[in-house]
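Labels below follow one simple rule: chain letters A, B, ... track the order of the sequence lines, proteins then strands, and each chain is numbered from 1.
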Amino acid sequence: MEKTHPILELAKNRGFLWPAYELYGQVAGFYDYGPHGAALKRRIEDAFRRLYLAEGYLEVENPIVAPEEVFIASGHAGHFTDPMAECPKCGTAYRLDHLLKENPEAARAQKCPQCKGSLTETRPFNLMMATHIGPSKRPGYLRPETAQGIYITFKRLYRLGREKLPLGAFQLGTSFRNEISPRQGLLRLREFHMAEAEVFVHPDEKEEHPRFAEVEGVPLRLVDAQDREKTMTSAEAVSTRTLLHQTLAYHMARVQQLLLHLGIPQERLRFRQHRKDELAHYALDCWDAEVQTKAYGWVEVVGIADRGDYDLTRHSKQSGEPAGVFIPYPEPQTRKVRTIRVDKKAIGQQLGSRAAEAIRALSALPPEKLRGPTIQVQAGGQTCTIDPKHITIEEKEQKVTGETITPHVIEPSYGLDRILYSLLELNHREEQVEEEPRAVIGLPPHMAPVQAAVFPLLGNHPGLAARARELHRTLRQAGLRAEYDDSGAIGRRYRRQDEIGTPYCITIDHQSLEDGTATIRERDSMKQERTPTREIPGYIQQRTAPPPF
RNA sequence: GCGCCGAUGGUCUAGUGGUAUGACUUGGGCUUCCCAAGCCCAAAGUCCGGGUUCAAUUCCCGGUCGGCGCACCA
């Protein structure tokens, strides 16, 4: 592992990214994307968007600021208030609530259990960025993930999707975590970019995915929770129960497809299952797509989790709104249904103010408890004895047209900054060409920030320059990102473009003036092809168009 | 947050108690008929605050930022 990869220097010099707020001494955990970085990020986002639009999912954008209730429901707020203290002597950090349970004496004495040093004073551990909303200062937070907005609006999305499962929604956006110590450049930021898809599925329909056939032969490199590595097709992974169900396997295969499409090399990609101790308590299963970087080793870039019904249920409890959706049966069914009728008047006269509670308790009792000679329920803190004659059990035929279920959520969650870093680092290469060094970012042509550059062979030749500018303008008008460069020697200009990954460089030479052709030099082979100038915009467009999913 | 190390033009770097070296890059010009050639000119720097001192980029203290280790990463 290298300390810092040369790509970071190149990225800084060539306008991919800069430490943010340099003018004021930088702020850790924040980065600027320069023009090429912003363009590359945009291409990653576009690819994500194309993939999930092709799945038929709905793109939304929710606010970044949310009131506290959202995070009480999600569970984030609880962690925000975690009290922390450290031992200055040995550097260990403790969560006081944990320490109180495990070692109450040490916690009360403020002593470090490891080295007996004195713990620092307790302070809340801020993971979320806090803020206040409006003049009333309603407590709020900047979201630590984009997903909550989708859970909260699930009912509206479900209606909009014509009340059908599975339902997919996705969102790209900025999230915030108040990291204690941001490190490793783009890998752990305080403000970062995510792309998340939330796929709501019927819990009974996860086993089979309607489009599984499209991915069943896709090989996946899997490292399971016991650290066993095996490469198998997604079909094998499901049949061996390595992966929980087809839906999870399907989405992992799609994630892999997208990452390869972006330019992550296959041999540096794997999926690793969360171990029991790192699996969030609500997740049924979670696999991270990891990319093997040169500078930092294996880095998580996408998490694919089966979150069960946790999110919808939590928001339902917090808000008081039911979470379930009604799923009609193909055919209405008739069922024998037992209903309990309670003589409310009689009970009211018998129990007075405790009657309402007693009646609720009665309706909740299982049928067998309603049979005996006397029936007992708790109400108003006392045991009340009810005469069975006040209770009638009726058996009726009832038509049941469907059932209410709470959908489960399958969530692929992408860290865009990490993907961007991986793309730069892993596609970067340095080589020798005729004794001269050449640095190239070998991004796939459809990912390159700049698609083409136009040069006059001689910078100070007015005829060549005019032609080159004209072609440059035409390329831009065709919607391509194109650069113009007439400075210095031609070789230097090629090198400059190599460093930002421009796949095609077009040179206008003397022959261009005679027959209207120009040379197109391809980045990786450095080979040139002479092409009529009028065909060049189409040539570039065709070769830099992203392949469909 | 803790510990160790560091911070000099855009980048990399030399050096110094008396405001600073070189290279690359960049801009302008000459040259040049396809891969960082050459020549001329120009622009650009001591992280921030305090202290010691006649004088601090240099020494001391604090901070910020960065690298690494520990911790944290719900």
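Side-chain atoms of A:M447 and A:L262, non-hydrogen and from C-beta on, do get closer than 4.5 Å to each other.
Both distances falling under 3.5 Å, in either a Watson-Crick or a G-U wobble arrangement, place B:G62 opposite B:C48. For B:G69, the paired nucleotide is B:C2, the pair qualifying as Watson-Crick or G-U wobble because both relevant distances are below 3.5 Å. In this structure, B:U26 forms a base pair with B:A42, meeting either the Watson-Crick or the G-U wobble geometry with both donor-acceptor distances under 3.5 Å. The nucleotide B:C33 finds no pairing partner, because no Watson-Crick or G-U wobble arrangement with both distances shorter than 3.5 Å includes it. Figure legend. B:A56 is base-paired to no nucleotide; pairs are counted as Watson-Crick or G-U wobble with both atom distances under 3.5 Å. Using the Watson-Crick or G-U wobble rule with both distances under 3.5 Å, B:U21 pairs with nothing in any strand shown.
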Under 3.5 Å, sequence neighbours excluded: what are the donor-acceptor pairs made by side chains of residues 146-153 of chain A?
from	atom 1	to	atom 2	distance (Å)
A:T146	OG1	A:E196	OE1	2.5
A:Q148	OE1	A:H315	NE2	2.7
A:Q148	NE2	A:E145	OE2	2.7
A:Y151	OH	A:E198	OE1	2.9
A:Y151	OH	A:R307	NE	3.1
A:Y151	OH	A:E411	OE2	3.4
A:T153	OG1	A:G149	O	2.8
A:T153	OG1	A:I150	O	3.4

Name the atoms and distances for all side-chain donor-acceptor pairs under 3.5 Å in residues 14-29 of chain A, with sequence neighbours left out.
from	atom 1	to	atom 2	distance (Å)
A:R14	NE	A:E499	OE1	2.6
A:R14	NH2	A:E499	OE1	3.2
A:W18	NE1	A:K12	O	3.0

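If you take CZ of A:F30 and P of B:G66, they are 11 Å apart, rounded to a whole angstrom. The separation between A:L8 atom CG and B:U11 atom P is 14 Å, rounded to whole Å. Spacing between atom CZ of A:F192 and atom P of B:C73 amounts to 15 Å, rounded to whole angstrom units. In this structure, CD of A:E300 is placed 17 Å from P of B:C72, rounded to the nearest angstrom. Rounded to an integer number of Å, the gap from CG of A:L187 to C1' of B:C72 is 16 Å.
With sequence neighbours left out, A:E69 forms a salt bridge (Lys or Arg N to Asp or Glu O under 4.0 Å) with A:R138. In this structure, the salt bridge (Lys or Arg N to Asp or Glu O under 4.0 Å) partners of A:R438, at least two apart in sequence or on a different chain, are A:E431, A:D498. Scored by the salt bridge (Lys or Arg N to Asp or Glu O under 4.0 Å) test, A:E278 finds A:R272, A:R275 as partners (sequence neighbours excluded). Take A:N13 and apply the side chain to side chain donor-acceptor pair (under 3.5 Å) test, not counting sequence neighbours, and it matches no residue.
Within 4.0 Å of A:G15, counting heavy atoms only, lies no atom of the nucleic acid at all.
For A:N13, the side-chain atoms get nearest to B:U11 when compared with the rest of B:A74, B:G1, B:U11. Considering only the side chain of A:K12, B:U11 comes nearest among B:A74, B:A71, B:U11.
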List the steps, then state whether side chain to side chain contact (heavy atoms under 4.5 Å, CB included) holds for A:V302 with A:D288. CA-CA 6 Å; A:V302 187; A:D288 287 340; over 6 Å; no
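Judged by closest nucleotide on RNA chain B, A:Y24 is the one of A:Y24 and A:R188 placed further toward the 5' end.
Legend: side chain to side chain donor-acceptor pair (under 3.5 Å) pairs involving residues 507-517 of chain A, not counting sequence neighbours, sorted by first then second residue: A:Y494-A:T507, A:D509-A:S512, A:D509-A:R530, A:Q511-A:D515, A:Q511-A:R530, A:D515-A:T517, A:T517-A:R530.
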Contact pattern, 5' to 3', of nucleotides 31-38 of chain B - B, S or - by protein heavy atom under 4.0 Å: SBBBBBS-
So which protein N/O to nucleotides 43-45 of chain B N/O distances come out below 3.5 Å?
none

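B:U26 and B:U58 have their C1' atoms separated by 30 Å, given to the nearest Å.
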